[in-house]
Amino acid sequence: MATGLKALPFSFGAHFLALIAAIMVLVWSIHFRGGLAWEAENKNLIFNIHPVLMLIGFIILGGEAIISYKSFPLEKQVKKKIHLVLHAIALILGIIGIYTAFKNHNESNIPNMYSLHSWIGIGVITLYGIQWIYGFVVFFYPGGSSEIRRDSLPWHVLLGMFIYVVAVGNACLGFLEKLTFLEVNGLAKYGSEAFLVNFTAIATVLYGVFVFLTILSQGPTADDHSYSAIA
């Protein structure tokens, strides 16, 4: 299905929401939570890398990769490379972001993989990696036959959309989990930090909505290797 509307306004909306969400997660991690550090006596500074990389690196760059076909009036091969590279960066930063959560837990003697957020997170990053490898092999190098690419494209698109929806939902679950933990340990439920975390989650959801509105709208040029193929 398609909205019949132009994708460009929705893509600008997505970029704006991405900027807002990125600023808010940085303000939360640096101003309220004390900053970011790879090595620190305060292990919470290590954990702070996790939400920053998962939101900016995984959710936002992953979303930008998805809408890249509809955002730029460029040649198909150029857009394909942008799509591939942005997804690769998102995947790498997502892996690093997950590693920092394990690093924080291990150095703080906190059990790993005890929450639904962590279970879903591992599943999402695994599917994301498989999706990227398959896309690279079939659509980029060495590349499948035209028949394989044609038959694979709808499934590649649908799986990508599914993974992204789950990723956005799991990001919100992570915000909820962390905020609940902080509130149990004394954070004011109606304080500025709590509001900031909730609004960051809302901005994340809205960003995901605008990503989908963009890919369901009409791009600047027709492209048989874009998300318009399922329209």
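Quick note: residue numbers are just sequence positions, from 1.
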For this session: Could you tell me how the ring of Phe12 sits relative to the ring of His15: parallel (under 30°), tilted (30 to 60°) or perpendicular (over 60°)?
Result: perpendicular
Problem set entry | Full working for side-chain contact (heavy atoms from CB on, under 4.5 Å) between Ile49 and Trp38 | CA-CA 8 Å; Ile49 299 174; Trp38 191 259; 3.9 Å; yes
Problem set entry | Close side-chain approach of Ile122 and Met113, heavy atoms under 4.5 Å | yes
Exercise. Are any non-hydrogen side-chain atoms of Gln131 and Ile163 less than 4.5 angstrom apart?
Worked result: yes
For this session: Could you check whether the rings of Tyr207 and Tyr164 sit parallel, tilted or perpendicular, using 30° and 60° as the cut-offs?
Result: perpendicular
Exercise. Just by modelled atom types, is the Asn106 backbone N or O under 3.5 Å from a matching donor or acceptor in the Asn112 side chain?
Worked result: no
Problem set entry | Nearest non-hydrogen partners of Glu64 and Ala18, listed with the distance | OE2-CB, 4.3 Å
Problem set entry | Full working for side chain to side chain donor-acceptor pair (under 3.5 Å) between His50 and Tyr99 | CA-CA 8 Å; His50 176 73; Tyr99 173 78; over 6 Å; no
Exercise. With a 4.5 Å limit on heavy-atom distance, are the side chains of Lys103 and Phe47 in contact?
Worked result: no
Exercise. So Phe139 and His156, would you call those rings parallel, tilted or perpendicular, with 30° and 60° as cut-offs?
Worked result: tilted
For this session: Please test Lys79 against Glu75 for salt bridge (Lys or Arg N to Asp or Glu O under 4.0 Å), starting from the C-alpha separation and ending with a verdict.
Result: CA-CA 6 Å; Lys79 290 190 285 188; Glu75 294 181 1; over 6 Å; no
Exercise. Just wondering, are more than 12 heavy atoms of other shown residues or ligands nearer than 6.0 Å to CZ in Phe199?
Worked result: no
For this session: Tell me, yes or no, whether the heavy-atom count around Phe162 atom CZ, taken from other residues, nucleotides or ligands under 6.0 Å, exceeds 12.
Result: no
Problem set entry | Nearest atoms (heavy-atom pairs only) where Ala90 meets Gly62 | CB-N, 3.7 Å
For this session: Mind listing the closest non-hydrogen atom pair of Ile46 and Ala40 along with its distance?
Result: CD1-N, 4.2 Å
For this session: Indicate the ring-plane relationship of Trp132 and Phe136, choosing parallel, tilted or perpendicular according to the 30° and 60° boundaries.
Result: parallel
For this session: Taking the side chain as every heavy atom from C-beta outward, state whether Phe58 and Val124 have any pair of such atoms under 4.5 Å apart.
Result: yes
Problem set entry | side-chain contact (heavy atoms from CB on, under 4.5 Å) involving Ile20 - partner list, sequence neighbours excluded | Phe16, Met24
Problem set entry | Heavy-atom side-chain contact between Leu55 and Thr200 under 4.5 Å | yes
Seminar exercise, completed: Residues joined to Ile110 in its hydrophobic cluster, side chain to side chain under 4.5 Å directly or through other members, sorted by chain and number, are Tyr114
Which pairs would a plain distance check flag for residues 167-183, meaning a side-chain donor or acceptor within less than 3.5 Å of a matching protein atom at least two apart in sequence or in another chain?
{"from": "Asn170", "atom 1": "OD1", "to": "His117", "atom 2": "ND1", "distance (Å)": "3.3"}
{"from": "Asn170", "atom 1": "ND2", "to": "His117", "atom 2": "O", "distance (Å)": "3.1"}
{"from": "Asn170", "atom 1": "ND2", "to": "His117", "atom 2": "ND1", "distance (Å)": "3.4"}
{"from": "Glu177", "atom 1": "OE1", "to": "Ser115", "atom 2": "OG", "distance (Å)": "3.1"}
{"from": "Thr180", "atom 1": "OG1", "to": "Leu176", "atom 2": "O", "distance (Å)": "2.7"}

For this session: Please step through side-chain contact (heavy atoms from CB on, under 4.5 Å) for the pair Phe210 and Ser11, ending with a clear verdict.
Result: CA-CA 7 Å; Phe210 271 78; Ser11 69; over 6 Å; no
Problem set entry | Heavy-atom check, side chain of Met54 versus side chain of Ile98, under 4.5 Å | yes
Exercise. Going only through I, L, V, M, F, W and Y residues with side-chain contacts under 4.5 Å, is there a path from Val138 to Val157?
Worked result: yes
